Amino acid sequence: MLIDVDEDVQLDAEVLGDADAPAMLLIGGAGWSRDWWDDDLCARLVARGWRVIRYDARDTGASTSWPAGAPGYTGTDLVSDALAVLDALGVDRAHVVGLSAGAGVAQCLALAHPGRVGALTLLATTAIDPSVGDLPGPSPAIAALFADEGPAPDWSDHDAAVDALVEGERAFAGAGVFEETRVRAIAERVVGRSRDLAASTTNPFIAAASGTTGPTALSALDGLPTLVVHGGADPLFPPAHGRALAAAIPGARLLEIADMGHQLPPAASWDQLVDALPAHPRR
């Protein structure tokens, strides 16, 4: 379904599960269309009694896109978009699950609109609270990857585009837990559904770097059921980030998955992940 955020912006969303079940909103990382939330993981969540909502963020999938390098939005708009998805679906309160930059959006949403978030799960991310500091930087390999200004892939070449997306995910995965067959199947779908992959792989990062407005003190989330999931092999946000995030939110639980990198938790950990999720929020 297409959700009208305003007269210029539409977001493509998908809803899975029983309409009467508690809602779970999935917010992907920068550049993620809804496809990256693995179908099999979503099916497990539905089987556990959730109404799962995943959507294409701006500049991804079938949602509104801007020219590559010139996003017409900021990080604050991404927070408003998550709220717009809930509004359009008539969801008063949801369990919000975010990954990487999407978990930053989830933190902002919970702080700015506490009545709309019944539980919070934060995957592979770091704290938005500036008081949480003195944390290690990315691994040398990831730092070198960000510094490399080599030519962009030919996004019009289907096979080259799929390969580029797969290799991009591989660079951040933990050693021995990169599921290439699964990732390649998702990448094929992403390439087939995306309006503009050049925009998808540039604009969301520019918007995320623009920051957001609103409260940032994570201590205000005291009492909100929160799970922090972090990889013991995360090369972008080393494990200290997950530990510090969990410590900054009173009562938060930390699930550290030993071999996981900066990625969706690998399939072998899904039972552990689903079992650890906070209870269904009251509607």
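Any value given below was found using the heavy atoms of this structure, including those in side chains, with hydrogens, waters and symmetry copies removed. Quantities reported herein were computed from a predicted structural model and do not represent experimental measurements.
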Is F178 reachable from L145 through a run of hydrophobic residues whose side-chain heavy atoms are each under 4.5 Å from the next?
-> no

For V9 and D77, what are the C-alpha separation, side-chain angles and deciding distance, and is it a side-chain contact (heavy atoms from CB on, under 4.5 Å)?
-> CA-CA 11 Å; V9 179; D77 293 310; over 6 Å; no

pair L111-L218: side-chain heavy atoms closer than 4.5 Å = yes

Does any non-hydrogen side-chain atom of I257 lie less than 4.5 Å from one of V177?
-> no

Interatomic distance, D196 atom CG to T64 atom OG1 [nearest 0.5 angstrom] = 12.5 Å

For R58 and T74, indicate whether the former's side chain and the latter's backbone hold a donor-acceptor pair under 3.5 Å.
-> no

Same cluster for L264 and F172 if Ile/Leu/Val/Met/Phe/Trp/Tyr side chains link at under 4.5 Å?
-> no

Look at the side chain of D259 and the backbone N and O of A175, then say whether any donor-acceptor pair between them is shorter than 3.5 Å.
-> no

Quick one: does T216's side chain have a donor or acceptor within less than 3.5 Å of a partner on I128's backbone?
-> no

Is there side-chain contact between S100 and Q263, with heavy atoms separated by less than 4.5 Å?
-> no

Hey, mind stepping through L26 and W36 against side-chain contact (heavy atoms from CB on, under 4.5 Å) and telling me if it holds?
-> CA-CA 10 Å; L26 307 180; W36 289 107; over 6 Å; no

Look up atom CG in L11 and atom CZ in R34, then write down how far apart they are to the nearest 0.5 Å.
-> 11.5 Å

Are R51 and D20 close enough, and set up right, to give a salt bridge (Lys or Arg N to Asp or Glu O under 4.0 Å), and what steps lead you there?
-> CA-CA 8 Å; R51 180 190 183 200; D20 293 326; over 6 Å; no

Sidechain-backbone polar pair: S269 side chain, Q272 backbone, donor-acceptor under 3.5 Å = no

For G242 against L254, the heavy-atom pair lying closest together | O-CD1, 3.9 Å

Side-chain donor or acceptor of E179 paired with backbone N/O of A267 under 3.5 Å | yes

Counting only N and O atoms by type, is there a donor-acceptor contact under 3.5 Å from the side chain of E14 to the main-chain atoms of D35?
-> no

Measure from the side-chain N and O atoms of W270 to the backbone N and O of P265, and report whether any donor-acceptor pair falls under 3.5 Å.
-> yes

Shortest non-hydrogen contact from L122 toward A103 = CD2-O, 3.7 Å

Drop me the distance from E256's CD to D234's CG, to the nearest 0.5 angstrom.
-> 10.0 Å

Find out whether D81 and Y73 are in side-chain contact, i.e. whether some heavy atom of one side chain is under 4.5 Å from a heavy atom of the other.
-> no

Roughly how far apart are I27 CD1 and R54 CZ, rounded to 0.5 Å?
-> 15.0 Å

Judged by atom type as modelled, is there a donor-acceptor pair below 3.5 Å linking the side chain of T60 to the main-chain atoms of S200?
-> no

Verify side-chain contact (heavy atoms from CB on, under 4.5 Å) between V190 and V162, making sure each step is shown before the conclusion.
-> CA-CA 8 Å; V190 171; V162 170; over 6 Å; no

Over all atoms of both residues, closest heavy-atom pair of P204 and A199 = CD-O, 3.2 Å

Between the side chain of T76 and the main-chain N/O of T213, is any donor-acceptor distance below 3.5 Å?
-> yes

Nearest non-hydrogen partners of A244 and L135, listed with the distance | CB-CD2, 3.8 Å

Close side-chain approach of P278 to T121, heavy-atom, < 4.5 Å | yes

For the hydrophobic clusters of this structure (ILVMFWY residues joined by side-chain heavy atoms under 4.5 Å, transitively), does one cluster hold both L16 and L41?
-> yes

side-chain hydrogen bond (donor to acceptor under 3.5 Å, both in side chains) between S65 and D59: does it pass, once the steps are laid out?
-> CA-CA 4 Å; S65 188; D59 273 316; 2.8 Å; yes

Test side-chain contact (heavy atoms from CB on, under 4.5 Å) on H158 and E188 and set out the steps.
-> CA-CA 8 Å; H158 177 93; E188 289 276 357; 2.6 Å; yes

Are the side chain of H113 and the backbone N or O of C108 linked by a donor-acceptor pair below 3.5 Å?
-> no

In Å, rounded to the nearest 0.5 Å, how long is the span from CZ of R170 to CG of L165?
-> 12.5 Å

Does I186 reach the side chain of E169, with side-chain heavy atoms less than 4.5 Å apart?
-> no

Shortest non-hydrogen contact from P238 toward G137 = CG-O, 3.3 Å

Hey, what's the ring geometry for W32 with W37, parallel, tilted or perpendicular (30° and 60° as the breaks)?
-> perpendicular

Should L99 and L277 be counted in the same cluster of Ile, Leu, Val, Met, Phe, Trp and Tyr side chains packed under 4.5 Å apart?
-> yes

Report yes or no: do V132 and L227 belong to one cluster of Ile/Leu/Val/Met/Phe/Trp/Tyr joined by side chain heavy-atom distances under 4.5 Å?
-> no

Answer whether the closest heavy-atom distance between the side chains of W50 and V274 falls below 4.5 Å.
-> no

CG-CG distance between L83 and L78, expressed to the nearest 0.5 angstrom = 13.0 Å

Going by the side-chain hydrogen bond (donor to acceptor under 3.5 Å, both in side chains) test, name the single residue among Q10, R195, R193 that passes it with D56.
-> R193

So, do L25 and L89 sit near enough that their side-chain heavy atoms are less than 4.5 Å apart?
-> no

Quick one: closest heavy-atom pair of A207 and P71, and the distance?
-> N-CG, 4.4 Å

Pairing of R182 and D39 as salt bridge, 4.0 angstrom limit | no

Given salt bridge (Lys or Arg N to Asp or Glu O under 4.0 Å), test R44 with D275 step by step and report yes or no.
-> CA-CA 11 Å; R44 289 193 187 210; D275 286 343; over 6 Å; no

Give the ring-plane orientation class for F237 versus H262, where under 30° counts as parallel, over 60° as perpendicular and anything between as tilted.
-> perpendicular

